[in-house]
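Side chains included, hydrogens not; waters and symmetry mates left out as well; all remaining heavy atoms used. All chains are named by letter (A, B, ...) in the order of the sequence lines, taking the proteins before the strands, and each is independently numbered beginning at 1.
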Amino acid sequence: MVLLADVVTTSHEVSVTRSRKAKTAAIAGLLGRLDPAEVRPATALLAGELPGGRAGVGWSTLAALAVAPAPDPSLTISAVDAAIGEVRLIKGSGSAQRRTAALTALLAQATADEQQFLVRLLGGELRQGALEGVMVEAIATAAGVPTDAVRRAFMLSGRLPATAEAALRGGEPALAEFGLELGRPVRPMLASPAEDLESALVGEVTVEYKLDGARIQVHRDGDEVHVYTRTLREITRSVPELVDLVRGLDCRSVVLDGETLALDDGGRPRPFQETMSRFGAQNSRELLLHPYFFDCLHLDGADLVDLPLRDRLDALAKVAPQHRIPAAVTPTAERAAELFDEALAAGHEGVVVKDLDSGYAAGRRGRAWRKVKPEHTLDLVVLAAEWGHGRRRGYLSNLHLGARDPDGGPPIMVGKTFKGLTDERLAWQTEEFQRRETHRDDWTVHIAPDLVVEIELDGVQTSPRYPGGVALRFARVLRYRPDKDAASADSIEAVRALLPGG
DNA sequence: TTCCGACAGTGGGGTCGCAAT
DNA sequence: ATTGCGACCCCACTATCGGAA
């Protein structure tokens, strides 16, 4: 029987070293000491996940808890697993109070160290420097199997705890038993950013539109259809039109990977927010979702994940020719550039360039898929900055950005960003902002609005919260502009001009 | 010895469902 | 009826380790 205290000790060992090998060794050591029944919950805890998924508890709830710690450790992993499971089930009127009571009862059995661990875990911010990647290595080490065998089982099962359980119980043969299963989503393959289109065009590739919607993975087995998101959450009931469409395809069974989004009457993409409003809305068909498939992982009994993309695209062309994403296979550089322009002209985000010889691999491994999007820049005024957390504690990190008011008023806030800052720049702005400080509160230092920063962004969107009715999307700092002042910053009109159709 | 792939962390805007006010 | 919380959609970027070249 392994105690929560052992997990906490291991987590501490993991957090105090930066060496991945040391982190892996520490976790593997604990995994090797577990009873079989403890492997799943312990794997989740060590990877910073809650066994069974999120429990409806966040920082606000946790911050309100104050419980005297137990003097000695007694909590078992199974007890913690059970307690979190009960918290997750609390619903309905008075649930906040009952949730607090259940959490209080759990924390009362925990020592001070255990309480700290549980609060960070429940808040979803364990921050020990080990998540899925390190855990996959640790499972492989503990079970004495190749990392790739673990990685593959994790991709196909979608679950670390089940992967760890199989690896420790039956080694490589048990891991090899994981196949693609209809009705069980696979962890999706992702694209990493490319410098530009030309640098992404290496070898034999296909170039596809990149759409601004939500990732979907559709499984069909006979008349049974399931739809999953990128994080493997099932959304079948929210998207009946997609279910009907897939049920109408000419096949017995299929697994398709793609993107879905809402279109306007002219067939142009609606803003991402509008597509998003469809998720969770039960059976609302007011705004129809359209699917665009770009991969086929299974067709009529044949699993295709290990085949090269070119073969999977053949299967896709066979089963859903009218729902394929617009693309060009092995285009010339000129044709690829044309397709990129066409995608933008049609209102889409850009393109994804994919290696035709690559197999399907979860995550961003291998750089086989590269996304290319146009970038915009704006010169904006820094209005304030918020103190950072974690490794940014003690630094002013998150910038408040404003656009110039053409009528001469104070700058109009259009968003925040913490991205693109090196440690050096972080240190510089922490000093500089305090020199320019006008006032501060608990979280934020406000400064005189005359420091200009060049911001790179993907675009802007209409905003219900910012005063100008517009907000930046994916903003990051490029550089400070000491040569500019607030009067030469970009105006709110320049920001609004980046709105779709603007 | 240098380079580069993979990871983890640090947060951004927005929408929904649900419970509390 | 409105507000706040939590979950989950989309996401970029830097620092770092450790194996590849």
Find the distance [X]:[atom1] to [N]:[atom2] and express it as a whole number of Å.
X: A/R473; N: C/dC13; atom1: CZ; atom2: P; result: 14 Å
X: A/L457; N: C/dC13; atom1: CG; atom2: P; result: 11 Å
X: A/H389; N: B/dG9; atom1: NE2; atom2: C1'; result: 13 Å
X: A/R151; N: B/dA6; atom1: CZ; atom2: P; result: 9 Å
X: A/M276; N: B/dC16; atom1: CE; atom2: P; result: 9 Å
X: A/Q461; N: B/dT15; atom1: CD; atom2: C1'; result: 11 Å
X: A/F418; N: C/dA15; atom1: CZ; atom2: P; result: 14 Å
X: A/Y228; N: C/dC8; atom1: OH; atom2: C1'; result: 18 Å

Please give the nucleotide sitting opposite B/dC7 as a Watson-Crick or G-U wobble pair, both distances under 3.5 Å, or none.
none
5'-most contact on DNA chain C: A/F272 or A/R392, nearest heavy atom basis?
A/F272
Identify the pairs formed between an N or O of the protein and an N or O of nucleotides 18-21 of chain B at a distance under 3.5 Å, and give each distance.
from   : atom 1 : to    : atom 2 : distance (Å)
B/dA19 : OP1    : A/G92 : N      : 2.5
B/dA20 : OP1    : A/G94 : N      : 3.2
B/dA20 : OP1    : A/S95 : N      : 3.3
B/dA20 : OP1    : A/A96 : N      : 3.4
B/dA20 : OP2    : A/G94 : N      : 3.0

Taking for each residue the nucleotide of DNA chain B with the nearest heavy atom, is it A/M135 or A/L472 whose nucleotide lies nearer the 5' end?
A/M135
A/R230, nearest nucleotide to its side chain (from B/dG14, C/dG18, C/dC11):
C/dC11
Using a strict threshold of under 4.0 Å (side-chain N to carboxylate O), is an ion pair present between [Y] and [X]?
X: A/R215; Y: A/D257; result: yes
X: A/R152; Y: A/D306; result: yes
X: A/R40; Y: A/D81; result: no

Establish, with yes or no, whether the OP1 or OP2 oxygen of C/dG18 is under 4.0 angstrom from a side-chain nitrogen or oxygen of A/R20.
no
Plane angle bin for A/Y209 and A/H348 - parallel if under 30°, tilted between 30 and 60°, otherwise perpendicular:
tilted
